[in-house]
Protein chains: 2
Amino acid sequence: MALAHTILALLLKRPGSGYDITKSFDEELSCYWKATQQQVYRELNKLTKQGWVNFETVPQAGKPDKKLYHITETGKQELTRWYTEPTEPTPIREDLLVKVLIGYKMPQPMLIEELKHRQKIHSELLAEYRAIEAKHMAGNQDVEMQFMYLTLKRGIAYETSWLTWCEEVIAMLPHLTEKPDKDLPSLP
Amino acid sequence: MALAHTILALLLKRPGSGYDITKSFDEELSCYWKATQQQVYRELNKLTKQGWVNFETVPQAGKPDKKLYHITETGKQELTRWYTEPTEPTPIREDLLVKVLIGYKMPQPMLIEELKHRQKIHSELLAEYRAIEAKHMAGNQDVEMQFMYLTLKRGIAYETSWLTWCEEVIAMLPHLTEKPDKDLPSLP
DNA sequence: TTGACATACTCAACATGTTGAGTATACTTT
DNA sequence: AAAGTATACTCAACATGTTGAGTATGTCAA
């Protein structure tokens, strides 16, 4: 039910349309939560049925009408209840590590390619977060921004730890005994 | 389809029963992949239908019969195909960061409690991984172990980065402007 | 004027993951 | 002798996430 609560949290900050919420997921929340438009709209329907949010239809000049969603009193109660529940670390599912695990059965250059690919992705994300940090987080900000910064710091730490690991593994790989599995079919 | 390929990867290392595979997920893979028994058995059925694995029924003295699964030639082909595909970072979904994001609307001691709770979890996991590192990874190991160590290093890096972040945030929180939302219903 | 982009929302099918109950056997501990 | 633990597997319902198509309107630039 965590998606529901994430949407409630966004609506607690300020009312918004499904479109606005989707944008928030793409922008401010992207480093720790991703949700597609479809998920957001489906969830908003459910939340409306449960009475945790409601909406007013807002006609707009030059744009389609929008449904502006608000969190309700019941919704705030639910969010507060959720807030007191201890959270557990999210289960991770990393294919890359599965590839590393059987790396000794596969041609090593393939694994190194893959690691470099990931290294690139993580360094790009890191650069992006650092740019946001420099642009929006410098100097005195309001409380809302200060708390957003804490979440951004998590994104930075996450990408940094990936990058370091990639570098280390790429450096270590050539020194491990190579023993590709002769059983495996060769690539087309 | 990544669960399927993870199971194929385990069966490439050695044949095993559904039970064995579930145990592997709990033990060696736990720091980057979790799967329940139900998922494993369901997936093994699918893999069998697809011809990527097959099994022999092995009667055992003093234990129930088991189905010993093997990866097939087709399965190896599929695993190799998958191995060449670039992986993307797994989308993350972290409720804790959602809580931090709206932390300025909530009573601060509540958030600090939560952060300390997570700090404890991550330090326990870290200690666990370090123990495995000390016990099994020291000295000369075979290639298989060397590659497993690389994945363990990822687990260690991950938990370390969480721990550092928790500490930093706990230290920073008291210095941020506190402004709990008076609108929110008080807790029961 | 055509096409890309931003706003705004809906539907359907499918894949994947979670939760909980249920069926066995056998060994070990209390 | 009963309870707990480990081995070994199955079924069902539901929640959640993914993929892809479809419907609109209006702005801006090539």
Side-chain angles (χ1 to χ4, degrees), chain A residues 1-8 15-27 29-30 32-50 52-53 55-69 82 87-95 98, chain B residues 1-8 15-27 29-30 32-50 52-53 55-69 82 87-95 98:
Chain A
M1 299 284 269
L3 175 58
H5 292 92
T6 306
I7 292 177
L8 287 179
S17 66
Y19 190 82
D20 295 332
I21 292 168
T22 306
K23 264 210 314 186
S24 293
F25 276 108
D26 277 354
E27 289 159 16
L29 279 81
S30 73
Y32 54 93
W33 206 293
K34 299 212 194 335
T36 61
Q37 225 179 23
Q38 288 70 13
Q39 276 179 282
V40 169
Y41 284 114
R42 183 170 53 178
E43 207 61 38
L44 281 170
N45 286 336
K46 275 197 220 168
L47 289 172
T48 307
K49 272 178 205 153
Q50 276 176 297
W52 292 350
V53 305
F55 64 88
E56 24 160 359
T57 307
V58 179
Q60 296 183 113
K63 281 181 205 172
D65 291 0
K66 68 174 169 184
K67 292 182 182 174
L68 193 67
Y69 285 88
W82 169 79
T87 61
E88 301 301 314
T90 316
I92 316 156
R93 260 167 272 269
E94 277 294 348
D95 340 23
V98 177
Chain B
M1 297 287 268
L3 175 59
H5 293 90
T6 307
I7 292 176
L8 287 179
S17 66
Y19 191 83
D20 295 332
I21 292 168
T22 306
K23 264 210 314 188
S24 292
F25 276 108
D26 278 353
E27 289 158 16
L29 280 81
S30 74
Y32 54 92
W33 207 294
K34 299 210 192 340
T36 60
Q37 223 180 24
Q38 289 70 14
Q39 275 178 281
V40 170
Y41 284 114
R42 182 169 55 179
E43 208 61 39
L44 281 171
N45 286 336
K46 275 197 219 166
L47 288 172
T48 307
K49 271 177 206 154
Q50 275 176 297
W52 293 350
V53 303
F55 62 88
E56 26 160 358
T57 306
V58 179
Q60 296 184 112
K63 280 183 208 173
D65 290 1
K66 69 174 169 184
K67 292 180 182 175
L68 194 66
Y69 286 88
W82 170 79
T87 61
E88 300 303 312
T90 317
I92 317 156
R93 261 168 272 270
E94 276 294 349
D95 341 20
V98 177

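In what follows, every chain begins at residue 1, and chains take the letters A, B, ... in the order their sequences are listed. Please read all numbers here as calculations on a predicted model, not as lab measurements.
A side-chain donor from one of A/Asp20 and A/Ser17 sits under 3.5 Å from a side-chain acceptor of the other.
In this structure, B/Gln39 atom CD and D/dG17 atom P are separated by 14 Å, rounded to whole Å. Atom-to-atom, CD of B/Gln37 to C1' of C/dG20 comes out at 13 Å; the value is rounded to the nearest Å. Per the geometry, NZ belonging to B/Lys66 stands 15 Å off P belonging to D/dT10, to the nearest Å. One atom, CD of B/Glu43, and another, C1' of D/dC9, lie 16 Å apart when rounded to the nearest Å. For the pair B/Ile21 CD1 and D/dT7 C1', the computed distance is 15 Å after rounding to whole Å.
Put simply, the side chain of A/Phe25 reaches to within 4.5 Å of the side chain of A/Thr6, judged on heavy atoms.
Across all strands, B/Lys23 comes closer than 4.0 Å only to sugar-phosphate atoms, never to a base (heavy-atom distances).
A sub-4.0 Å separation between OP1 or OP2 of D/dT7 and a side-chain N or O of B/Ser17 is absent. Between B/Tyr41 and D/dT10 there is no side-chain N or O to OP1 or OP2 distance below 4.0 Å.
Among the nucleotides C/dC9, D/dT16, D/dG17, the one closest to the side chain of A/Lys67 is C/dC9.
Scanning atom types as modelled, no donor and acceptor separated by under 3.5 angstrom connect the side chain of A/Gln38 and the base of D/dG17.
Along DNA chain D, the nucleotide nearest to B/Gly18 and the one nearest to B/Arg42 differ in position, and the one closer to the 5' end is contacted by B/Gly18.
Below 30°, between 30° and 60°, or above 60°: for A/Trp82 and A/His5 the angle between ring planes is below 30°, a parallel geometry.
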